[in-house]
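Below: the structure, in structure tokens.
Counting starts at 1 for both ligands and their atoms, following the listed order. For reference, positions follow the sequence shown, starting with 1. Just so it is clear, the model here is predicted, and its values are computed rather than measured.
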Amino acid sequence: MRVFVTGASGWIGSAVVDELLAGGHEVVGLARSDASAAALATKGVDVRRGDLDDLDGIQAAVAHAEAVVHLANKHDWSNPAASNAAERAAVRTIGDALVGTGRPFLLASGVAALAQGRPATEDDASPFHGPDSPRGGSENLALEYVDRGVHTVSVRFAPTVHGTADHGFIAALAGIAREKGVAGYPGDGTNRWAAVHRSDAVRLVALGLSKAPAASRLHAVAEEGVPTREIAEAIGRAFDLPVASIDPNDVQRHFGWIGGFFGMDLSATSAATQGLLGWTPTGPTLVEDLDAGAYGGR
Ligand SMILES: NC(=O)c1ccc[n+]([C@@H]2O[C@H](COP(=O)([O-])OP(=O)(O)OC[C@H]3O[C@@H](n4cnc5c(N)ncnc54)[C@H](OP(=O)(O)O)[C@@H]3O)[C@@H](O)[C@H]2O)c1
């Protein structure tokens, strides 16, 4: 298939591109900078220059694709409303361009706020609707296109898609620990984060693209929930730092923008996804990655 990938130069996207190329697909990758364009071209990707806000360009790229994988996100943590608005506009543009085609449209989502007091499952619908909600309510918006002839598949990534060279949440937590001289965890550290190794996550994206039924919500989750205290302990071991509880009232000040996430329980299962697609995660666990130096340290 000729697959248009947004976020093709990102942490997940760059590995998805490799997986799709290895699977014999033709990839068109969105790139907003010379560096990203060059990295994609070197791999044999057909580069589509443009920004997420260039909706005409996205529409044109989608019109020439047989499938779309949407992984770009501005991730402007100082202005989440702008990221959410861009995400919603991009998803609407992609959906509109695919109406009536039956073509696969796989988009990234997350596992936050799906369930209270238990791990989230694929059956839990996203509570986020409308432009003012997290991620601009993009999962529900994309799923609305199923009734209009779009083969939408949402891949909900665990809050950490980990591995060597990850620059996401765990790298940010490690950076804060080094800066503050302490690997902190919120409160008693029993709130949990689901986790998945990048290699497993990208295999799921490729499988989902070719095999998941329309309206599927897939969970890219290998570990149901790693207690935040264990994450902090592994960061402490990696960088030889003391480990300490951070008072729940102080979490936002201590951790900054990531405090809201690190203070949440973001556990999720992937039993239904594994059963549906025969996907079995095999990569290292988050703590194994941290202990092996995937985030630096010893
Ligand atoms: N990584 C995780 O643990 C995780 C967990 C849950 C959900 N997700 C979601 O999964 C998706 C992929 O995440 P990721 O970790 O791969 O993110 P990432 O490494 O930050 O990559 C973001 C991608 O979006 C592109 N991008 C950013 N702003 C853009 C703009 N204005 N115009 C065009 N492209 C733009 C980036 O291009 P440049 O290379 O040019 O910067 C990059 O290719 C995102 O939707 C993310 O929210 C990720």
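Scored by the side chain to side chain donor-acceptor pair (under 3.5 Å) test, R118 finds D124 as partners (sequence neighbours excluded). F261 is linked by a ring pair (Phe, Tyr, Trp, His ring centres under 6.0 Å) to W77, F169, counting only residues two or more places apart in sequence or in another chain.
Electrostatic pairing of D18 and K43 counts as a salt bridge here, judged by a charged N lying under 4.0 Å from a carboxylate O. For the pair R49 and D34, the salt-bridge criterion is met [side-chain N within less than 4.0 Å of a carboxylate O].
For atom 43 (O) of ligand 1, the closest non-hydrogen atom on the protein side is S9 OG, 2.8 Å. Ranking protein heavy atoms by distance to atom 48 (C) of ligand 1, first place goes to I12 CD1, 3.7 Å. Among all non-hydrogen protein atoms, the one lying nearest atom 10 (O) of ligand 1 is A108 CB, 3.5 Å. Atom 12 (C) of ligand 1 has as its closest protein heavy atom L71 O, 3.2 Å. When only non-hydrogen protein atoms are considered, atom 5 (C) of ligand 1 lies nearest to A158 O, 3.1 Å. The protein heavy atom nearest to atom 41 (O) of ligand 1 is R32 NH2, 2.7 Å. Shortest contact from atom 31 (N) of ligand 1 to any protein heavy atom: D51 OD2, 3.2 Å. The nearest heavy-atom contact from the protein to atom 27 (C) of ligand 1 is N73 O, 3.2 Å.
Side chains of H197 and S199: a donor-acceptor N/O pair is present below 3.5 angstrom, by distance only. Y295 and D166 share a donor-acceptor pair across their side chains, judged by distance under 3.5 Å alone. S83 and D76 are not linked by any side-chain donor-acceptor pair at a separation below 3.5 angstrom, with hydrogens and angles left out of the test. With hydrogens and angles left out, the side-chain atoms of E122 and T273 include a donor and acceptor closer than 3.5 Å. Counting only N and O atoms by type, the side chains of H25 and E66 include no donor and acceptor under 3.5 Å apart. Between the side chains of R156 and H219, a donor-acceptor pair is found at a separation under 3.5 Å.
Between G110 and ligand 1, a contact under 3.5 Å exists for no N or O pair. Considering backbone and side-chain atoms alike, H75 places an N or O below 3.5 Å from some N or O of ligand 1. Checked against a 3.5 angstrom limit, the closest N/O atoms of V161 and ligand 1 fall inside it. The shortest N or O to N or O distance between G10 and ligand 1 is below 3.5 Å.
Only the side chain of S36 comes within contact range of ligand 1, with a heavy atom under 4.0 Å; no backbone atom does. Within the 4.0 Å heavy-atom criterion, the part of S109 lying near ligand 1 is the backbone and not the side chain.
Which parts of ligand 1 touch T160 is read off a 4.0 Å heavy-atom cut-off, strictly below it: atoms 3 (O).
Ranked by closest heavy atom to atom 32 (N) of ligand 1, the top entry among D166, L52, T6 is L52.
Partner of S109 under the side chain to side chain contact (heavy atoms under 4.5 Å, CB included) criterion, chosen from E87, R217, E139: E139.
Ligand 1 lies out of reach of E87, whose nearest heavy atom is not under 4.0 Å from it.
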